[in-house]
Amino acid sequence: MNWRRPGGLSRAVCPPALAALLVAVPATGQTPVPEMRATATPVPRPPTIDGVLDEPFWAMIEPVTDFRQRDPVDGAPGSEPTEVRIGYDANALYFGFVFHDSEPSLIRRSILHRGGRIDKDDRVIVALDTYHDRRNAYIFEVGALGTQDDALISDESMTLDDWNWDGVFTSETRVTEDGWVLELEIPFTTIRFPDVDEPTMGIAFMRSIRRKNESVFWPHIGQEYRSGISQVSRYATLDGLSGLRRGRYAEVKPFATAGTQRMAGDASFEGQTDIGVDVKYALTSNLTFDLTWNTDFAQVESDNVQINLTRFDLFYPEKREFFLERAGLFQFGTPRQTEVFFSRRVGLRGDIVGGGRLTGQAGPLSIGALALRTRGYSDDAVALPAAWNSVVRLRTDLRPRTTLGGIITTLDHENGWDRSAGLDFSSRFWSSSSFNVWAARVWNPDLFPYATGAAGSTGGSVSPGSADPREAGSANATSAELVLQNDRYAFVVSRLLIDESFAPALGFVPRTDQDRWGGYVAFTPRFESSAWARQLSLEVKGDHVRSREGAKQTHVLGTGARLTLESGEFANIGFSERFERLELPAHIRGRRLATGDYRFRRFTAAMRSNDSRTFSGVLQGSIGDFWSGTRTEIGGGATWITGPHLTIGGRYAWNGVSLPVEDGDFSTHLVSANIQGAVSRKLFANALVQWDNHSRELQANIRIDWIHTPGSDLFVVIDTGYLTGDLFDPREPRWQRRTGVVKLTYLMAF
């Protein structure tokens, strides 16, 4: 039998009809959440978390079944049965999973790194909406080897950064002749929930059968809900909880570091030792206060090298643990275009001395606030005073799936200050549609170079120490976006206005002075009866950018097609046409571009194999015009999963550029290798080796992590940089840095 989702006609409504219906349907309208419920059963004693459901009470608990496919046939029963039993006592939630599998020898099991790419394996996700607010949730992910990852959902959305949150929970798996079994314990000290006698929560499960590229959900969250497991408003209700042990809860996590470092020009290695502490304290069951002193990020993974062939700053994501928990709450603005708060600004140059953060909820109000002190910084180009970096972020429910929020950021130092404030409104309706608007204002009467350049970027529109182009006074930015979409169609229109002087000191705004119109239309049919094709995506998108005074600056028009196969492979092609007007000269890798109008067209193509296979790869390329010249790009990579203990990957990217200027013919090469090794789920390592012909620096970052107790780590980090090739000055040292650091953390819970 070929399964089809009910309501197919309504899902095929075209975008113009959706736009007409928007007037008649309330902004919060959506299909009513079905009355799906799960009951947690009290257990007489905690189970032994060993992957064997041999405690007698497991057999007495009615399991949750009826998992339904999201892929490949939306709404069909899962091809392999799944059973979930839920128990609890005063201290923790317990889950007993039985994942039946007709071919247990084919269960994908290759990831031992905590926080690694567990989606390459068979896995399960447990999602808990602990406040039952249908907006926010915790994610607990476990692979078939028992490997863990976790994340936070904020306002029904997630980014890759949200997966960097680390919660403490226990899991163990076992493969049997009938499939695999998982026992899972989530302590109530890991999650936050209302201070009531019988809390009610939202709950959802997702199972991935990787060799089939099949995902099954309970309750079913159909393809029309594009965000999948992030669609918290579609969760079932978990009841039966009572008598949970609570009280003031605190975590103290001291650390100690010891290492040695030698930078270019140093006469010898310099030894360094340090101590510090992070404290987490529950002021109430809903509000958590974090305190950090002498903050250290020695164990943070290094950034991937990027070669900038644009006029604007590059974006480097946040990787520091302190900033990652509830990071989505602090998000304000248009990601990667106009972010009023970008945490990577804090401690970019001056180290963080310490500070605090408050996060949580008070009824319908979500609260986020932080204040951090940074040390002064000076080098040959710039001198920066010590400063306080502060943010207050509030967001409240007006109606279901409709929120109103605000943000205030401040940078205070002995030479002056920088302020920004804003309001945002978001209303999500129907399945995956939304209307979003925000406005912000910046006050910066004093010049302060701390606010210029991208956090961690290789270049910026303003060089350190140069005159800041911002005018004294204030500047504004506003944005509005309408998104109408389901699983078949998408229609997006947006407007973004940014004043020339809008540059929040704690934000990320790579391009100012713009009046931007954007649009996007897509048709994404699915082939649920096909044996080889899964989905086709056809899209057209464009941007038109003028200055605030109305002069045309840029337009981009692109179209593309992508075909995804049942086997997990995909291929895509695209074409784009671009216009750029330079009113002032610009530079690309040091080559000067004259003022004037430029038009260029480009063709792109890419293909990728299923990355859960033993061998997988990606190949991509593009060719076309580039600033009155040409640019050809070829890149690719390959990964070899030898088993759970060793994965080897490599990538290469080449750009051949020809510009009609002096020394306009050049090429860039970027080579990287990533080696992941694991002895067990508690001891693993990663080595990232990179080289590019621009910096001519061979960089190596090796990171070993031993989780000696849950939530506590011993890190060993080695980081080096070595100049290759001919030196411009023979006296220049080849070793740019040689660093070795050991960091020990220990989590104490009270």
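Below, all heavy atoms of this structure are taken into account, side chains as well, without hydrogens, waters or symmetry copies.
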Between [X] and [Y], does at least one N-O distance fall below 4.0 Å, as a salt bridge requires?
{"X": "Lys280", "Y": "Asp278", "result": "no"}
{"X": "Arg393", "Y": "Asp424", "result": "yes"}
{"X": "Asp122", "Y": "Arg210", "result": "no"}

Taking all heavy atoms of [X] and all of [Y], pick out the closest pair and write down the distance.
{"X": "Leu557", "Y": "Val540", "answer": "CD1-CG1, 4.3 Å"}
{"X": "Ala40", "Y": "Leu241", "answer": "CB-CD2, 3.7 Å"}
{"X": "His132", "Y": "Gly202", "answer": "CD2-N, 3.4 Å"}
{"X": "Arg401", "Y": "Ser233", "answer": "NE-OG, 3.7 Å"}
{"X": "Met36", "Y": "Trp218", "answer": "CE-NE1, 3.2 Å"}
{"X": "Tyr235", "Y": "Arg134", "answer": "O-NH1, 3.5 Å"}

How about [X] and [Y]: do any of their side-chain heavy atoms sit closer than 4.5 Å?
{"X": "Leu128", "Y": "Ile186", "value": "yes"}
{"X": "His220", "Y": "Arg234", "value": "no"}
{"X": "Asn686", "Y": "Asn674", "value": "yes"}
{"X": "Asp418", "Y": "Thr410", "value": "no"}
{"X": "Asp611", "Y": "Lys120", "value": "yes"}
{"X": "Glu224", "Y": "Trp430", "value": "no"}
{"X": "Met201", "Y": "Asp129", "value": "no"}
{"X": "Asp543", "Y": "Tyr520", "value": "no"}

Hey, is the main chain of [Y] close enough, under 3.5 Å, to the side chain of [X] for a donor-acceptor pair?
{"X": "Ser433", "Y": "Gln485", "value": "yes"}
{"X": "Glu185", "Y": "Ala92", "value": "no"}
{"X": "Ser208", "Y": "Arg123", "value": "no"}
{"X": "Arg534", "Y": "Asn213", "value": "yes"}
{"X": "Thr559", "Y": "Glu539", "value": "yes"}
{"X": "Glu569", "Y": "Asn610", "value": "yes"}
{"X": "Arg70", "Y": "Val216", "value": "no"}

[X] and [Y]: side-chain donor and acceptor closer than 3.5 Å?
{"X": "Arg192", "Y": "Thr359", "result": "no"}
{"X": "Asn486", "Y": "Ser432", "result": "no"}
{"X": "Asp155", "Y": "Ser157", "result": "no"}
{"X": "Asp239", "Y": "Thr200", "result": "no"}

Stepwise, does the salt bridge (Lys or Arg N to Asp or Glu O under 4.0 Å) test hold for Arg114 with Asp150? CA-CA 9 Å; Arg114 193 189 197 287; Asp150 36 39; 2.9 Å; yes
If you apply the rule side-chain hydrogen bond (donor to acceptor under 3.5 Å, both in side chains), what do you find for Arg135 with Ser366, and how did you get there? CA-CA 10 Å; Arg135 287 172 45 205; Ser366 296; 3.2 Å; yes
So, using salt bridge (charged side-chain N to carboxylate O under 4.0 Å, His left out) as the criterion, who are the partners of Arg562 when residues are at least two apart?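 Result, salt bridge (charged side-chain N to carboxylate O under 4.0 Å, His left out) vs Arg562: none returned.
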Test log, rule side-chain hydrogen bond (donor to acceptor under 3.5 Å, both in side chains), inputs Thr554 and Arg511: CA-CA 12 Å; Thr554 301; Arg511 182 173 184 171; 2.8 Å; yes
I'd like to know whether Asn476 forms a side-chain contact (heavy atoms from CB on, under 4.5 Å) with Leu497, so could you lay out the CA-CA distance, the side-chain angles of the two residues, the decisive distance to 0.1 Å, and finally the verdict. CA-CA 8 Å; Asn476 304 315; Leu497 301 171; over 6 Å; no
Using the ring of each side chain (for Trp, its six-membered ring), is Phe205 parallel, tilted or perpendicular to Phe67, with breaks at 30° and 60°?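 Tilted: the ring planes of Phe205 and Phe67 meet at 30° to 60°.
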Tell me, with the steps shown, if Asp121 and Arg108 meet salt bridge (Lys or Arg N to Asp or Glu O under 4.0 Å). CA-CA 5 Å; Asp121 285 357; Arg108 298 284 172 89; over 6 Å; no
Given Asp71, Asp487, Asp74, the one that forms side chain to side chain donor-acceptor pair (under 3.5 Å) with Gln223: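 With Gln223 as partner, side chain to side chain donor-acceptor pair (under 3.5 Å) holds for just one option, Asp71.
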NZ (Lys212) with more than 12 external heavy atoms under 6.0 Å: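 Correct, the count exceeds 12.
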Under 6.0 Å between ring centres: does that hold for Phe429 and Phe435?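 That pair fails the under 6.0 Å test.
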Might you work through the side-chain contact (heavy atoms from CB on, under 4.5 Å) test for Asn389 and Arg345, ending with a clear yes or no? CA-CA 9 Å; Asn389 308 257; Arg345 290 287 188 207; over 6 Å; no
Exactly one of Val340, Thr409, Val391 should register a side-chain contact (heavy atoms from CB on, under 4.5 Å) with Phe332. Which one does?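 Of the listed options, the one satisfying the test is Val340.
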Can you check side-chain contact (heavy atoms from CB on, under 4.5 Å) on Arg428 and Ser434, steps first, answer last? CA-CA 4 Å; Arg428 299 179 301 282; Ser434 64; 4.1 Å; yes
Please identify each residue that fulfils side chain to side chain donor-acceptor pair (under 3.5 Å) with Glu251, with sequence neighbours left out.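 If we apply the side chain to side chain donor-acceptor pair (under 3.5 Å) test to Glu251, skipping adjacent residues, the hits are Tyr249.
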Please report the interatomic distance CD(Gln337) to OG(Ser494), rounded to the nearest 0.5 Å.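 One finds 7.5 Å between CD of Gln337 and OG of Ser494.
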Report the distance from atom CG of Leu536 to atom CG of Asn572, rounding to the nearest 0.5 Å.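 Separation between the atoms: 11.0 Å.
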